[in-house]
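Data block below; observations after.
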Amino acid sequence: MTKLWNTYSTRVELGLDKSLKALGLDYVDLYLVHWAVGMNPAGNDDRFPRLPDGSRDMLWDHDHVATWKQMEALLPTGKVRGIGVCNYSAPYLEQLLARAEFVPVVNQIENHPALPQQEVVDLCRAKGIHVVAYSPLGSTGGPLLKSEAVAKVAERKGISPGTVLLSYHVARGATVLAKSVTESRIKANLEIADLDAEDMKILDAISKEGVHRYVYPPFGINFGFPDKNEGRSLPNGV
């Protein structure tokens, strides 16, 4: 799996070719749109172009549906086995699905008990889009590991807080991405417990006290997330 970078939103196949060359592969199983944004392909940096004031050099007329059409065109080439998206809200998904020939196989989103994104998860389930969760511990340093609710479930089950947070996604039918460079933690990330309805109720209470989104780059765009109702609107956006 690899992703389309934002500066290649208008040059999708070129972005894929660069990734394939860097990886030494002929194809990837899954190619994902990283964010529903475009950044200036002729800017002052290949990945993070900025304006003189330091802000990100955005394409304010970017249409994420047009990018998806280029993604769909990759399927007959044999360079990808499947295509999907990342960080798509329910409104953005609905706009995409209304015009898509191929439904994304995956929507990779920040997801954890403090940000369940239930409206996105429910829509994905209804449309056959598999949810992949990133930042399952919250963010750098694992802030959710210190949650009282997580600790309570860990004590009930006799497992670690980390195992609770990873198991949360399996209970919801999602795939969870956990990363570490420590061998012991990598092995621990393979440990999954069966959480029951009471466990999930305890964890669900976390977001009722207020949701917390840890990963939100300063694009200045309204992506349609209920907790981030701010920023500029883009074509086929909100």
Side-chain angles (χ1 to χ4, degrees), residues 1-3 28-35 81-82 84-90 93 104-217 223 225-228:
M1 177 176 68
T2 191
K3 298 177 183 177
V28 290
D29 291 312
L30 192 56
Y31 195 45
L32 306 179
V33 177
H34 196 188
W35 283 88
R81 296 292 188 264
V85 296
C86 303
N87 303 299
Y88 263 62
S89 67
L93 268 180
V105 295
V106 157
N107 185 15
Q108 185 183 122
I109 57 174
E110 180 184 348
N111 205 216
H112 42 70
L115 189 68
Q117 298 210 70
Q118 197 61 50
E119 75 287 348
V120 179
V121 172
D122 288 344
L123 178 59
C124 286
R125 285 174 179 165
K127 300 300 182 180
I129 302 170
H130 187 66
V131 172
V132 176
Y134 70 81
S135 292
L137 308 184
S139 186
T140 303
L144 289 177
L145 294 172
K146 305 179 182 71
S147 164
E148 291 184 7
V150 173
K152 183 176 180 180
V153 174
E155 185 177 359
R156 276 171 50 89
K157 292 296 188 183
I159 57 179
S160 71
T163 298
V164 170
L165 289 167
L166 298 182
S167 301
Y168 167 84
H169 299 285
V170 176
R172 282 158 59 91
T175 295
V176 56
L177 299 179
K179 62 181 181 180
S180 178
V181 296
T182 305
E183 182 178 356
S184 60
R185 289 180 180 173
I186 292 172
K187 291 180 179 178
N189 286 342
L190 297 175
E191 299 174 3
I192 298 297
D194 292 326
L195 302 185
D196 58 30
E198 182 61 26
D199 298 322
M200 296 300 285
K201 182 179 179 180
I202 294 170
L203 296 175
D204 287 343
I206 295 175
S207 63
K208 290 180 171 56
E209 298 176 359
V211 299
H212 194 130
R213 186 181 297 272
Y214 292 92
V215 181
Y216 203 71
F223 290 109
F225 295 114
D227 58 299
K228 292 288 185 181

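Heavy atoms only: backbone and side chains are in, while hydrogens, waters and symmetry mates are out.
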At their closest point, which heavy atom of [X] faces which heavy atom of [Y], and how far apart are they?
X    : Y    : result
V176 : P136 : CG2-CB, 3.5 Å
C86  : H34  : CB-O, 3.1 Å
A193 : T163 : N-CG2, 4.1 Å
I129 : P104 : CG1-O, 3.3 Å
K3   : Y31  : C-CE1, 3.6 Å
E110 : G138 : OE2-O, 4.0 Å

**Message:** Give me each pair satisfying side chain to side chain donor-acceptor pair (under 3.5 Å) with a member in residues 129-138, each pair once, sequence neighbours excluded.
**Reply:** N87-Y134, H130-T175

**Message:** With a 4.5 Å cut-off on side-chain heavy atoms, are L203 and L195 touching?
**Reply:** yes

**Prompt:** Is there side-chain contact between L93 and C124, with heavy atoms separated by less than 4.5 Å?
**Reply:**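 SC-SC contact between L93 and C124 confirmed.
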
Check side chain to side chain donor-acceptor pair (under 3.5 Å) between [X] and all other residues, then give those that pass, not counting sequence neighbours.
X    : value
Y88  : H64
S207 : none
Q118 : D122, R172
K157 : D199

Output the distance between atom [atom1] ([X]) and atom [atom2] ([Y]), rounded to the nearest 0.5 Å.
X    : Y    : atom1 : atom2 : answer
N107 : Q117 : CG    : CD    : 8.0 Å
L166 : L177 : CG    : CG    : 10.5 Å
I206 : L115 : CD1   : CG    : 11.5 Å

**Complete:** The side-chain contact (heavy atoms from CB on, under 4.5 Å) partners of S89 (sequence neighbours excluded) come to P91, Y92, F225

**Item:** L30: partners by side-chain contact (heavy atoms from CB on, under 4.5 Å), with sequence neighbours left out
**Value:**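 For L30 the side-chain contact (heavy atoms from CB on, under 4.5 Å) partners, ignoring immediate neighbours, are M1, L32, V105, V106.
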
**Prompt:** Pairs in or reaching into residues 152-176: which pass ring-ring contact (aromatic ring centres under 6.0 Å, His included), with residues at least two apart or in two chains?
**Reply:** none

**Asked** What residues form a salt bridge (charged side-chain N to carboxylate O under 4.0 Å, His left out) with R81, not counting sequence neighbours?
**Response**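 For R81, no residue satisfies salt bridge (charged side-chain N to carboxylate O under 4.0 Å, His left out) once neighbours in sequence are set aside.
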
**For D227, salt bridge (charged side-chain N to carboxylate O under 4.0 Å, His left out) partners two or more places apart** = R213

**Request:** Using the test ring-ring contact (aromatic ring centres under 6.0 Å, His included), find all partners of Y216 that sit at least two apart in sequence or belong to another chain.
**Result:** none

**Asked** Does NZ belonging to K201 count more than 12 external heavy atoms closer than 6.0 Å?
**Response** no

Please output the side-chain donor-acceptor pairs of residues 142-155 that fall under 3.5 Å, not counting sequence neighbours, one pair per line with the distance.
{"residue": "S147", "atom": "OG", "partner": "A149", "partner atom": "N", "Å": "3.3"}
{"residue": "S147", "atom": "OG", "partner": "V150", "partner atom": "N", "Å": "3.4"}

